[in-house]
Amino acid sequence: MKTFYTLIFCMLVSLGCFADTYYVYTAGKTGNWNDMTVWSVVVRADGVPRTKVVIPSPFVVSVDNGVNSFGLGDVEIKISGSLSLQLSTTIVLSAASSIELLGSGRIVGSSNTQRISINGVIKYNGSLDFTKTGASIASSVSGISPNGFLGAALLPVKFTSFNTVKNMGAVILTWSTASEIAADYFEIQRSYNGSSWTAISTVGATGSATNNANYTYSDNNAKSATIYYRLKQVDFNGTAVYSTVKVIRGESAEAAKIYTTGKTVNIELNTEVKSAVMVTLLNINGQVIEKKQFSTGYKISVDVNSAVNGIVIVHVADNNALNQAVKIML
């Protein structure tokens, strides 16, 4: 049995050597923390640079000092089941770590020898907190036991600035926050119409800033003439707040490249069509020659009647930010 746990420990240490890889451990049954059959393990895919430990209801995970041999590093522990501390057990967590109670989640203890510390500060003491319940979170900026956990309502973040600027084809986002308490991460969201948003990256939060904390992100895939950005800041308890929306407009940027091959008009879009795109061909007098609607692809083509010659106006538009017209010669 000792050999088994040594092997497991070595495996965990080797996994920790991959600096950019983090894991999610989810309890699938009641048992001891050191029993690896308790956990299902997957690679963390949300970009947050912390190990994540989840104890769902109704499972009870008991823990002793052996947990500190796992080399937890920066870890967020989320409990909706139960974490039961054995006697003479102190869980030692780093400054960037947090432990959160969700719903019916609880930490069970009764003795002064049952403790949880973050950055050297005791957040849970069994003789003071006993069975700890109630939606709350402990981090490096929360108090000392019996006030080591903050209620969910006390987890604000304040944006003091948010700016975007175009630089050499990329868009640089910079922002600052004040009074961060238990902030987990920022999700950078991008839109081409100001209403439909896509998450493009995440940036880990300082999580414990009492003064301004500064952040930056570079969007190197900013190819549309008009782009909207906003930030979604998420606390350890899942609560989220949004920044204001910023707009980048490229004065000379073209949303589409338009050219001809023989009697075919070709249109190459900078982004894939995700809503109806209308292509209208007009003669120099404004009369419609051809009008077609497209709904898929990056490149669309319109065949023109062989009798059409001279200057033709090509107008490309959708219901979002695309609205471009050029003159071509047929």
Side-chain angles (χ1 to χ4, degrees), residues 19-20 22 44-52 73-76 78 93-100 118-119 121 123 136-143 149-224 226-251 253:
D20 294 329
Y22 298 88
R44 185 164 190 168
D46 60 7
V48 179
R50 296 182 184 89
T51 298
K52 185 175 182 178
D74 296 338
V75 61
E76 56 180 289
K78 295 181 179 289
L93 302 177
S94 67
S97 296
S98 66
I99 183 165
E100 181 180 6
I118 297 177
N119 196 29
V121 177
K123 305 296 179 177
S136 57
I137 188 168
S139 70
S140 61
V141 296
S142 59
F149 283 71
L150 292 173
L154 301 176
L155 303 178
V157 65
K158 296 180 181 178
F159 287 99
T160 55
S161 69
F162 175 37
N163 297 292
T164 55
V165 62
K166 204 163 189 177
N167 182 30
M168 301 293 291
V171 175
I172 310 300
L173 290 75
T174 57
W175 66 96
S176 299
T177 64
S179 303
E180 278 188 27
I181 301 176
D184 191 359
Y185 63 93
F186 296 91
E187 182 178 273
I188 296 94
Q189 298 185 347
R190 181 174 63 198
S191 173
Y192 295 115
N193 60 10
S195 59
S196 300
W197 296 91
T198 300
I200 59 174
S201 187
T202 58
V203 174
T206 299
S208 58
T210 54
N211 298 314
N212 276 11
N214 301 309
Y215 302 88
T216 185
Y217 174 79
S218 178
D219 181 10
N220 297 313
N221 293 307
K223 297 179 179 179
S224 179
T226 302
I227 310 175
Y228 303 82
Y229 292 95
R230 72 180 182 186
L231 304 171
K232 177 183 179 182
Q233 187 276 316
V234 182
D235 287 332
F236 284 115
N237 71 339
T239 313
V241 295
Y242 290 87
S243 71
T244 57
V245 175
K246 296 292 182 177
V247 184
I248 287 288
R249 291 186 174 89
E251 292 79 4

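Note that the numbering runs from 1 along the sequence shown for the chain.
- Rounding to the nearest 0.5 angstrom, the gap separating the CG atom in Asn214 from the OG1 atom in Thr177 is 8.0 Å.
- Taking each heavy atom of Gly73 and Ser97 in turn, the nearest pair found is O-OG, 3.5 Å.
- Of all the heavy atoms in Ala170 and Asn220, the pair that sits closest is CB-OD1, 3.4 Å.
- Minimum interatomic distance between Phe149 and Ala138 (heavy atoms only, all atoms of both residues): CD2-N, 3.7 Å.
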Stepwise side-chain contact (heavy atoms from CB on, under 4.5 Å) test for Glu76 and Glu100: CA-CA 8 Å; Glu76 56 180 289; Glu100 181 180 6; 5.9 Å; no

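- Taking the side-chain contact (heavy atoms from CB on, under 4.5 Å) definition, one finds that Ser243 meets it with Phe159, Phe162, Arg230, Leu231, sequence neighbours left out.
- Counting only distance, with no hydrogens or angles, the side chain of Lys123 and the backbone of Gly143 share a donor-acceptor pair below 3.5 Å.
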Would you sort out whether Val245 and Tyr229 count as a side-chain contact (heavy atoms from CB on, under 4.5 Å), showing the intermediate values? CA-CA 6 Å; Val245 175; Tyr229 292 95; over 6 Å; no

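- Pairing each heavy atom of Ile172 with each of Ser218, the nearest pair is CD1-OG, 3.4 Å.
- Between the side chain of Arg50 and the main chain of Ala96, a donor-acceptor pair closer than 3.5 Å is present.
- In this structure, Tyr228 and Trp197 have perpendicular ring planes: the angle between them is above 60°, well past the 30° mark.
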Are Tyr215 and Ile188 close enough, and set up right, to give a side-chain contact (heavy atoms from CB on, under 4.5 Å), and what steps lead you there? CA-CA 11 Å; Tyr215 302 88; Ile188 296 94; over 6 Å; no

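- Between Thr164 and Val247 the shortest heavy-atom distance is OG1-O, 4.4 Å.
- One finds the OG1 atom of Thr216 at 7.5 Å from the CG atom of Leu173 (value rounded to the nearest 0.5 Å).
- Inter-residue side-chain proximity for Asn163 and Trp175 is flagged as unmet; no heavy-atom pair is nearer than 4.5 Å.
- Residues passing the salt bridge (charged side-chain N to carboxylate O under 4.0 Å, His left out) test with Arg190, sequence neighbours excluded: Asp219.
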Starting from the C-alpha separation in whole Å, work towards a yes-or-no answer on side-chain contact (heavy atoms from CB on, under 4.5 Å) for Tyr217 and Phe186. CA-CA 11 Å; Tyr217 174 79; Phe186 296 91; over 6 Å; no

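- Listed for the Thr198 side chain is no donor-acceptor partner under 3.5 Å among the backbone atoms of Ser191.
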